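No experiment lies behind these values; they were computed from the predicted model shown. All chains are named by letter (A, B, ...) in the order of the sequence lines, taking the proteins before the strands, and each is independently numbered beginning at 1.
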There are 2 protein chains.
Amino acid sequence: MRGEDDRVSVSPGERSVRKRRARGSISADEILHGAYELASAESLDSLSMPRLAQRLDVGVTSIYWYFRSKEELLDVMTERALAEFDQAINVPVDLAWDEYLTTYFTAYRDVLRDNSLWCDLIVMRGSALSPEALRVAKQRVDVVVDILTKAGFATDDALRAHAVLSVYARGAILHYRQWDSPDSPVRIDAEFPDQIDPFSVTADEAFAFGLQNAIRGLRALLAQSAKR
Amino acid sequence: MRGEDDRVSVSPGERSVRKRRARGSISADEILHGAYELASAESLDSLSMPRLAQRLDVGVTSIYWYFRSKEELLDVMTERALAEFDQAINVPVDLAWDEYLTTYFTAYRDVLRDNSLWCDLIVMRGSALSPEALRVAKQRVDVVVDILTKAGFATDDALRAHAVLSVYARGAILHYRQWDSPDSPVRIDAEFPDQIDPFSVTADEAFAFGLQNAIRGLRALLAQSAKR
DNA sequence: ACCTGAACACCGTTCAAGT
DNA sequence: ACCTGAACACCGTTCAAGT
């Protein structure tokens with residue numbers, strides 16, 4: 001329990017004696033940066049307006065000059081997370097379509113599984129995206145769709161394939177959070193030897209199986225439509 | 001904004017004059033029932049210990065005699081939700097394996113999509129399951145696995161197929177919550193006519209496509225292993 | 001225009017009582 | 001054994017000031 005000392009506590013001698021800050025001494029960027037750092041170092045759950053203000057050495061209410069609400073602050077944090085996430089996944093575009101999908105969505109899952117802040121902001125939270133963030137998201141989709149259509153898929157099928165695989169990847173992340181994460185609250189200890197343990201499938205195995213299965217399905221779809 | 005009046009407000013004349021309740025007048029069941037009703041009528045978010053106590057006409061702290069924490073209360077609520085959810089899905093077992101999977105997982109998604117309390121408790125929240133709840137869950141899986149193995153799948157593949165489809169369904173629900181729900185916070189208004197709109201795929205279409213695609217993949221897998 | 005403390009209406013939880 | 005109010009340590013947000 002050491003290290004839990006960063007509460008709001010003020011040592012008895014020096015009573016909260018922060019000087020009033022100058023007029024231009026805070027900025028939206030600075031607040032965003034501080035919030036992101038705090039959530040990064042601890043967790044999104046532990047990001048609160050008072051804790052953030054304390055960290056920035058600012059009055060709590062000052063934050064509200066730059067962000068109408070915590071919600072709005074989180075929205076902007078999500079934009080940053082999305083941009084960083086976007087950069088974290090880079091897949092060579094010269095792969096065959098099935099290899100591309102495998103690489104892309106495996107990275108998609110791994111990255112979000114291993115960065116809990118990105119996961120909290122992007123996967124768990126539905127936030128209002130700015131036109132700019134929307135543009136980036138659409139561009140990503142376009143790359144995948146492009147590769148699939150060039151491989152012979154109809155545009156609609158390519159779009160749906162992307163939607164399906166990203167939904168699947170996010171589902172896998174959600175599942176991981178709840179069952180397979182090292183700090184998951186869920187513990188399974190009961191044993192019923194006469195029944196098959198449906199949780200014996202580890203997350204990695206299961207994810208890879210599902211991804212390959214979906215790609216097998218797409219391959220069959222491609223073969224079907226090629227025949228006609 | 002009418003109907004927002006069920007705050008903790010007490011009319012000025014009659015100051016909170018609740019009589020002290022008798023010794024055996026509360027029970028864990030009663031609390032669970034009240035909590036479930038409150039969350040059902042409003043939302044899980046709006047379930048708080050003070051609001052629940054008020055509804056049950058009980059001192060807030062009395063709840064803590066029966067439940068160590070709100071977390072524990074939510075765990076028990078989840079058990080109830082799981083049991084009800086289990087009953088809400090009944091699929092005839094005499095279907096062909098692919099029809100069975102389609103029916104089962106479509107129902108799985110529809111039911112959780114349309115009951116936000118079940119969704120909050122079962123999908124969004126990772127909770128510690130009792131041995132009993134675990135038994136029920138495993139039994140469900142067993143039925144699916146049984147049908148698949150009888151159709152010729154290896155036990156491991158059957159297990160993985162189940163895991164994959166339930167992960168996919170939960171991913172679809174998560175996606176629905178964030179993008180397609182009528183009361184979703186996310187609004188897309190920006191238009192880029194030169195790009196394909198990756199969100200034009202409605203949730204229902206996309207889900208059905210993914211489900212059928214996965215089944216197509218499984219069919220191909222079955223054909224492969226039958227050859228050997 | 002920007003920064004602030006006090007105040008408000010909430011939380012979940014503990015603790016020392018009451019009966 | 002069971003029920004309780006007061007109290008604690010937090011939240012997010014508003015408002016009427018200060019500079």
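Distance, B:Glu71 CD to C:dC11 P: 18 Å, rounded to whole Å. Computed from coordinates, the B:Arg18 CZ to D:dC3 C1' distance equals 9 Å when rounded to whole Å. One atom, NZ of B:Lys19, and another, C1' of D:dG5, lie 17 Å apart when rounded to the nearest Å. With rounding to whole Å, A:Phe67 atom CZ is found 16 Å from C:dC3 atom C1'. Rounding to whole angstrom units, CD of residue B:Glu72 and P of C:dT13 are separated by 10 Å. In this structure, A:Met49 places its CE atom 17 Å from C1' of C:dA9, rounding to the nearest Å. Look at CG on B:Leu74: it is 12 Å from C1' on C:dG12, rounded to the nearest Å. For the pair A:Leu47 CG and D:dC11 P, the computed distance is 10 Å after rounding to whole Å.
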Bracket string, DNA chain D, 5' to 3' - pairs by Watson-Crick or G-U geometry under 3.5 Å, | interstrand: ||.|||||...|||||.||
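At distances below 3.5 Å, at least one donor-acceptor pair connects side-chain atoms of A:Gln178 with backbone N or O atoms of B:Val123. A donor-acceptor pair under 3.5 Å is formed between the side chain of B:Arg21 and the backbone N or O of B:Asp57. Although no hydrogens or angles enter the test, the distance criterion places no donor-acceptor pair under 3.5 Å between the side chain of B:Glu37 and the main chain of B:Leu32. Put simply, the side chain of B:Tyr66 gets close to the backbone of B:Ile26: a donor and an acceptor are under 3.5 Å apart. Distance alone, capped at 3.5 Å, is enough to place a donor-acceptor pair between the B:Lys70 side chain and the B:Leu47 backbone. Without hydrogens or angle criteria, A:Thr106 side chain to A:Thr103 main chain gives no donor-acceptor distance under 3.5 Å. Listed for the A:Glu79 side chain is a donor-acceptor partner under 3.5 Å among the backbone atoms of A:Ser130. In this structure, the side chain of B:Thr78 engages the main chain of B:Leu74 through a donor-acceptor pair within 3.5 Å.
In terms of the ring-ring contact (aromatic ring centres under 6.0 Å, His included) criterion, residue partners of B:Phe105 (sequence neighbours excluded) are, by chain and number, B:Tyr108, B:His162. For the salt bridge (charged side-chain N to carboxylate O under 4.0 Å, His left out) test, no residue two or more places apart in sequence or in another chain qualifies with A:Arg20.
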Protein and nucleotides 14-16 of chain D: nitrogen or oxygen contacts under 3.5 angstrom:
none

Which protein N or O atoms sit under 3.5 Å from an N or O of nucleotides 17-19 of chain C?
| from | atom 1 | to | atom 2 | distance (Å) |
| --- | --- | --- | --- | --- |
| C:dG18 | N2 | B:Arg20 | NH2 | 2.5 |
| C:dG18 | N3 | B:Arg20 | NH2 | 2.9 |

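Residues A:Phe207 and A:Tyr176 fail the side-chain proximity criterion, which asks for heavy atoms closer than 4.5 Å. In this structure the side chain of A:Arg177 reaches within 4.5 angstrom of the side chain of A:Cys119, judged on heavy atoms.
B:Tyr66 comes within 4.0 angstrom of sugar-phosphate atoms only, judged by non-hydrogen atoms across all strands, and of no base. Within 4.0 Å of B:Ser62, counting heavy atoms only, lies at least one base atom of the nucleic acid.
Contacts between residues 24-33 of chain A and DNA chain C, defined by a heavy-atom separation under 4.0 Å, are made by A:Gly24, A:Ser25, A:Ile26.
Map A:Val60 and A:Trp65 each onto its nearest nucleotide of DNA chain C; the residue landing nearer the 5' end is A:Trp65.
For the salt bridge (Lys or Arg N to Asp or Glu O under 4.0 Å) with B:Arg125, the lone residue among B:Asp120, B:Asp75, B:Asp45 that qualifies is B:Asp75.
When distances run from any side-chain atom of A:Arg21 to the nucleotides C:dC3, D:dC11, C:dT13, the shortest one goes to C:dC3.
The pair A:Asp142-A:Arg135 does not meet the salt-bridge criterion, since no charged nitrogen lies less than 4.0 angstrom from a carboxylate oxygen.
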